[in-house]
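Some notes on the structure that comes next.
Bear in mind the structure is a predicted one, so any value in this text is a computation, not a measurement. Scope of the values below: all heavy atoms of this structure, side chains included, with no hydrogens, waters or symmetry mates. In the text below, chain A, chain B and the rest are named by the order of the sequence lines, each starting its count at 1.
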Number of protein chains: 2
Amino acid sequence: MARPTLASLARELAVSRQTISNVLNAPHKVKPATRERIQAAIEAAGYRPSAAARQLRTQRSMNFGMRLLPATDGINGAVLDRFLHALTEAAQAAGYRLTLFCADSDSDEIRQYEELLDVAGLDGFILTSSTPDDVRTRWLQERGTPFAVFGRPWDAAGGLTAASHSWVDIDGAAGTEQAVRMLLAQGHSRIGFLGSYTGNPVGADRRRGWLRAMDAAGYGRDVPALSVEAEETVPGGASGAALLASRGATAIVCSSDSLALGAAEKLRELRPGTARPAVVGFDNTPVAAALGLSSVAQPVEEAARHMIRVLTHELAGDGTGAASNPPAAPPERQLLLAPHVVERVPLPLAATGSSPA
Amino acid sequence: MARPTLASLARELAVSRQTISNVLNAPHKVKPATRERIQAAIEAAGYRPSAAARQLRTQRSMNFGMRLLPATDGINGAVLDRFLHALTEAAQAAGYRLTLFCADSDSDEIRQYEELLDVAGLDGFILTSSTPDDVRTRWLQERGTPFAVFGRPWDAAGGLTAASHSWVDIDGAAGTEQAVRMLLAQGHSRIGFLGSYTGNPVGADRRRGWLRAMDAAGYGRDVPALSVEAEETVPGGASGAALLASRGATAIVCSSDSLALGAAEKLRELRPGTARPAVVGFDNTPVAAALGLSSVAQPVEEAARHMIRVLTHELAGDGTGAASNPPAAPPERQLLLAPHVVERVPLPLAATGSSPA
DNA sequence: CGCACAAATTTGATCGATCAAATCTGTGCG
DNA sequence: CGCACAGATTTGATCGATCAAATTTGTGCG
């Protein structure tokens with residue numbers, strides 16, 4: 001039998017289309033007895049309303065869009081995977097779907113927004129980064145399209161702009177701060193910070209946490225010599241670590257796992273005796289896990305869920321003139337989530353140091 | 001001004017809706033002069049047909065679906081990223097969009113198919129794996145829904161089933177074969193193979209390539225002792241490499257980058273003198289790149305593009321009774337792509353071996 | 001000139017849902 | 001008994017496109 005439609009089902013049940021529609025969209029308008037009878041019939045027939053027809057009438061696609069950046073930019077790799085998965089799952093749970101798209105540049109991204117809004121009628125967008133004075137966020141705001149950004153809108157000076165749009169971000173400083181505290185608890189006092197050259201504010205933010213924790217612990221005077229920048233690569237991490245070690249650092253907090261990987265190697269090499277190289281990375285990538293490297297883990301899943309919450313809330317607010325029954329506390333429009341350190345014991349790989357063949 | 005529709009634009013131009021529709025969907029039916037006039041007006045007004053309205057009438061959503069596996073399963077990490085990106089890009093270029101969804105299990109995945117087909121009217125699906133006797137592929141085939149699978153349908157014995165559905169896969173054996181040849185060219189003769197325990201056919205396939213190349217080179221007799229299996233982790237790779245080295249192996253082809261990472265570490269350790277640990281990984285993950293490890297790179301982008309080609313071709317065939325003008329050679333329904341080895345010189349990290357602090 | 005016939009264009013119906021307004025039921029109460 | 005009025009249900013229009021069939025325009029030619 002062909003897929004049932006509202007009309008076909010209505011005929012069978014000898015009720016009107018609208019009544020069935022009401023059972024689905026405004027159950028309180030239907031007499032309980034009728035409602036149950038219809039609900040049962042819906043289940044039995046496996047009736048599912050067509051999104052296209054619904055969208056045509058309501059102008060809602062129940063669909064969010066997200067640009068997939070070309071690999072190696074922005075949040076990527078395993079982090080992006082986790083983020084995407086959580087996003088999709090949360091959207092699905094809220095009755096929305098997620099559509100991906102590609103763009104060559106930010107201006108092309110705007111062109112895509114326009115197209116996707118007109119053609120597919122997307123209800124909102126997820127952005128995975130934003131720059132100060134971002135043309136995309138401005139465009140979306142002017143047009144009144146709902147969107148949420150993963151990442152704070154930093155200004156040119158590395159400060160936070162007072163953007164009025166929704167965003168969620170991970171508090172990098174809180175992460176490195178916690179990493180320092182962990183190392184302090186392990187007995188270290190000369191704890192270095194190893195960042196990368198890129199003048200981006202995310203790195204500066206992570207450095208800030210280290211600084212704060214060192215100050216709080218009373219090691220503020222050591223700070224100048226213990227902060228180093230290197231190339232954002234594994235060898236970069238190694239050379240940075242060598243420099244820090246030469247200045248007496250016994251432990252290192254890094255702004256990425258690549259740096260941490262190189263740093264851990266180097267420390268092992270410099271101090272063959274030490275069991276655990278006191279190095280903490282950032283992002284908690286699979287590499288860190290594979291090598292038994294401690295790392296700051298970002299709660300990207302929570303961030304994704306929150307972004308969906310923000311978007312759906314905004315859309316629900318518009319939709320029904322009278323907001324849902326309980327005024328439902330609106331989700332924070334701007335939220336900073338705290339990461340946490342995943343402490344790991346290095347793998348025996350190094351411990352087996354000079355095992356015979 | 002509100003978004004133009006076919007009707008509004010028709011009124012302005014004093015032509016009928018259908019004529020404009022024909023300009024877009026069957027230009028040959030419209031007199032050149034009219035066509036150009038209308039085309040210009042479409043551009044000027046920025047008219048874009050609504051996908052929802054179109055879908056309602058044509059029963060085509062121009063949308064493909066793909067299940068996003070929970071992280072750490074199937075193809076993942078950076079490889080998945082590249083695949084997804086290429087998929088999205090290719091779909092977009094062909095006028096299709098990509099919708100993601102999550103599922104808890106294979107049977108739940110079927111439930112999602114059903115829902116997405118009924119509700120969103122998806123035109124086809126991308127699967128990222130298939131098992132012999134896969135319930136999902138069977139369901140899709142019975143229902144006649146177009147789909148393409150990334151990965152060959154292996155049977156229980158590790159052989160290839162004669163499945164009738166479309167798939168694309170990477171020829172793992174060809175990859176390891178090439179890796180062996182590279183090592184042979186570098187002067188190695190005792191080349192080991194390091195795989196993981198998992199009895200999955202992908203690993204067996206990779207081993208097969210090594211075997212083939214060793215045989216071809218006349219080293220078939222060494223084979224039994226030079227094939228080792230270990231746990232699919234970095235330390236697993238290290239212990240496997242130790243074993244292989246003890247049996248005289250001077251180079252190792254691994255079935256993954258994790259194993260290769262551990263193996264490279266171990267070889268370096270065992271032979272401090274050697275400049276380049278002769279180890280080749282598989283998947284060419286960012287880790288391999290970061291550490292300067294040679295690895296077999298899979299052409300996932302090409303695979304993704306081909307899958308979209310297969311799907312769009314199938315849908316185009318159905319759509320217009322008479323296939324597109326030139327009969328357009330149908331894309332291979334089952335395609336095996338050859339990977340290639342990315343040769344890298346290890347990073348100075350190790351070369352700096354015993355540099356002073 | 002006029003007819004046949006193809007090319008070009010238009011008309012009305014339809015896809016499957018929701019909206020807004022109309023109609024039908026049923027209950028309370030003077 | 002009958003009227004008002006809220007509750008329940010139905011009706012007709014509509015969202016924006018395409019399809020199938022009808023109509024108009026144009027061309028060739030006896």
ask   = Taking OP1 and OP2 of D:dG16, is either one under 4.0 Å from a side-chain nitrogen or oxygen of B:Gln55?
value = no
task = Using atom types as modelled and distance alone, determine if a side-chain donor or acceptor of A:Ser21 lies under 3.5 Å from a backbone N or O of A:Arg17.
result = no
ask   = With respect to A:Arg82, which candidate in A:Glu302, A:Glu301, A:Glu89 satisfies the salt bridge (Lys or Arg N to Asp or Glu O under 4.0 Å) definition?
value = A:Glu301
query = Roughly, in whole Å, what's the span from CD1 in B:Ile20 to P in C:dT9?
reply = 12 Å
note = Between CZ of A:Arg60 and C1' of C:dC19 the distance, given in whole Å, is 15 Å
query = Can A:Arg67 and A:Asp104 be counted as an ion pair, charged N to O under 4.0 angstrom?
reply = no
Check the interface with nucleotides 7-11 of chain D: list each N/O to N/O pair with the protein under 3.5 Å, or write none.
residue	atom	partner	partner atom	Å
D:dT9	OP1	A:Thr34	OG1	2.6
D:dT9	OP2	A:Lys31	N	3.0
D:dT10	OP2	A:Ser16	N	2.9
D:dT10	OP2	A:Ser16	OG	3.0
D:dT10	OP2	A:Thr19	OG1	2.8

Atom pair distance, as rounded to whole Å: CZ in A:Arg57 and P in C:dT18 = 10 Å
key: Rounded interatomic separation in angstrom, taking OH from B:Tyr47 and C1' from D:dT18   = 10 Å
ask   = With no hydrogens and no angle check, do the side chains of A:Gln141 and A:Ser164 hold a donor and an acceptor under 3.5 Å apart?
value = yes
key: Contact check, side chains of A:Leu122 and A:Thr145, non-hydrogen atoms, under 4.5 Å   = no
message = At less than 4.0 Å, is any side-chain N or O atom of A:Ser21 found next to OP1 or OP2 of C:dT18? Yes or no.
response = yes
ask   = Where do A:Arg97 and B:Thr99 land on the side-chain hydrogen bond (donor to acceptor under 3.5 Å, both in side chains) test, with the steps shown first?
value = CA-CA 7 Å; A:Arg97 266 157 285 120; B:Thr99 293; 5.9 Å; no
Heavy-atom donor-acceptor pair, A:Arg54 side-chain to C:dT18 base, under 3.5 Å = no
inquiry  = Rounding to an integer number of Å, can you tell me how far B:Ile42 CD1 sits from D:dA17 C1'?
reply    = 13 Å
message = Tell me the interatomic distance from B:Asp118, atom CG, to C:dG16, atom P, rounded to whole angstroms.
response = 12 Å
Rounded interatomic separation in angstrom, taking CG from B:Leu6 and C1' from C:dT10 = 13 Å
message = Are the side chains of B:Leu98 and B:Asn63 in contact, using a 4.5 Å heavy-atom criterion?
response = no
message = Without decimals, in angstroms, what is the distance between B:Arg11 CZ and D:dG16 C1'?
response = 12 Å
